[in-house]
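The structure appears right after this line, and notes come after that.
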Amino acid sequence: MKNKPLSAYKRKKLIESFCDELTATQAAHRLNLDRNTVNKYFKRIRECIAGYREYQKMNLMVHVMSRPEPRVHSVSKRIVSTQADEQGLPVRIMCIDGQLLTEVEQGANGQGSKYMMQMSTYFNGAASVNGGNGIPEVDCGDLDRLAEDFYEFTSRRLKKFFGIKSHYAYLYIKEAEFVFNVKEYAQREKLLYRMADQIFL
């Protein structure tokens with residue numbers, strides 16, 4: 001029964017466990033599942049979050065570039081995870097129309113496009129800009145302060161994993177971006193439920 005699909009109840013509880021920010025081990029104990037199974041679905045959730053955030057970034061960039069004098073300011077930070085580069089992962093931080101956005105600068109290997117799944121199936125493009133989906137906007141007035149806040153926020157999150165493998169760092173950065181923008185637990189849960197078909201392929 002190795003490939004037995006998860007029940008609707010366990011799917012729901014897996015998403016809840018992810019939103020509760022449990023580790024894979026904690027979620028496995030809570031749901032009586034194998035830790036490797038939980039890790040597999042937690043990775044899928046992070047991939048879907050990355051796809052959603054890249055889709056949202058694309059919509060916001062199209063929106064801002066349609067203006068008469070488009071301007072996109074950014075601040076670069078190096079965010080360290082102990083198993084990644086000791087110098088830290090270079091991340092470009094932008095804020096457009098009330099959304100903090102990130103771009104991982106290391107080795108332009110198309111990581112963003114890799115996770116650009118068919119998110120239009122789950123999200124209306126027009127609803128993704130200007131704080132759509134009921135998501136409160138962040139203050140873009142002071143990008144340096146906002147970038148510092150995100151740096152501190154993300155560094156604290158990564159420390160709880162005692163270091164992550166460098167090839168997964170992009171997914172954890174996009175997860176941090178998602179949580180930073182969508183601070184309300186219920187709103188994050190609602191967005192992930194909308195991606196459930198993509199998560200539990």
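For clarity, every value in this text was computed on a predicted model and none was experimentally measured.
- The distance from atom CG of Asp142 to atom CG of Asp149, rounded to the nearest 0.5 Å, is 9.0 Å.
- A salt bridge between Lys174 and Glu177 is present, with a side-chain N of the basic residue lying under 4.0 Å from a carboxylate O of the acidic one.
- Across every non-hydrogen atom of Tyr52 and Met195, the tightest pair is CB-CE, 3.9 Å.
- Under the 6.0 Å distance and 45° angle rule, Lys183 counts as a cation-pi partner of Phe180.
- Around CD of Glu21, the count of heavy atoms belonging to other residues, nucleotides or ligands within 6.0 Å exceeds 12.
- Within the 3.5 Å criterion, the main-chain N or O of His63 finds a donor-acceptor partner in the side chain of Ser66.
- Minimum interatomic distance between Gly98 and Cys140 (heavy atoms only, all atoms of both residues): N-SG, 3.6 Å.
- Under the 4.5 Å side-chain criterion, counting only non-hydrogen atoms from C-beta, Asp139 is not in contact with Leu146.
- Cluster membership check: Leu60 does not share its hydrophobic cluster with Val62, using side-chain heavy-atom separations under 4.5 Å among Ile, Leu, Val, Met, Phe, Trp and Tyr.
- Atoms CG and CE, from Asp97 and Met61 in turn, are 11.0 Å apart once rounded to the nearest 0.5 Å.
- Counting only heavy atoms from C-beta outward, the side chains of Asn39 and Arg35 approach each other to under 4.5 Å.
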Run the side-chain contact (heavy atoms from CB on, under 4.5 Å) check on Tyr172 and Arg157 step by step: do they pass?
CA-CA 9 Å; Tyr172 284 85; Arg157 289 179 66 83; over 6 Å; no
side-chain contact (heavy atoms from CB on, under 4.5 Å) between Ile49 and Leu192: does it pass, once the steps are laid out?
CA-CA 8 Å; Ile49 286 171; Leu192 291 181; 3.8 Å; yes
Does the pair Asp20 and Arg30 meet the rule for a side-chain contact (heavy atoms from CB on, under 4.5 Å), with working shown? CA-CA 12 Å; Asp20 285 338; Arg30 177 193 271 189; 3.1 Å; yes
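- Remark: Phe150 CZ to Leu143 CG distance equals 12.0 Å, nearest 0.5 Å.
- From Gln198, atom CD reaches atom SG of Cys48 across 5.0 Å, with rounding to the nearest 0.5 Å.
- Considering only heavy atoms from C-beta on, Tyr185 comes within 4.5 Å of Glu16 through its side chain.
- When hydrophobic clusters are built by joining Ile, Leu, Val, Met, Phe, Trp and Tyr residues whose side-chain heavy atoms come closer than 4.5 Å, directly or via intermediates, Leu101 is grouped together with Met65.
- Nearest heavy-atom pair across Leu22 and Phe42 is O-CE2, 3.5 Å.
- In this structure, Phe18 CZ and Thr23 OG1 are separated by 12.0 Å, a value rounded to the nearest 0.5 Å.
- In this structure, Glu189 and Ile15 have side chains that are in contact, with non-hydrogen atoms separated by less than 4.5 Å.
- Looking at heavy atoms from C-beta onward, Arg156 lies out of side-chain contact with Lys159 at the 4.5 angstrom threshold.
- Side-chain contact between Asn181 and Arg53 is present, with at least one heavy-atom pair separated by less than 4.5 Å.
- For the pair Glu103 and Met94, the minimum side-chain heavy-atom distance is below 4.5 Å.
- Counting heavy atoms from C-beta on, the side chains of Leu33 and Tyr41 never come closer than 4.5 Å.
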- Item | Criterion salt bridge (charged side-chain N to carboxylate O under 4.0 Å, His left out) on Arg145 and Glu148, from CA distance to verdict | CA-CA 5 Å; Arg145 179 197 54 76; Glu148 192 60 37; over 6 Å; no
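- Lys10 places a side-chain N or O within 3.5 Å of a backbone atom of Leu31 that can act as its donor or acceptor partner.
- Scanning both residues, Leu6 and Arg11, for their nearest heavy atoms gives O-NE, 3.5 Å.
- A distance of 10.0 Å separates CD in Gln99 from CD1 in Ile96, rounded to the nearest 0.5 Å.
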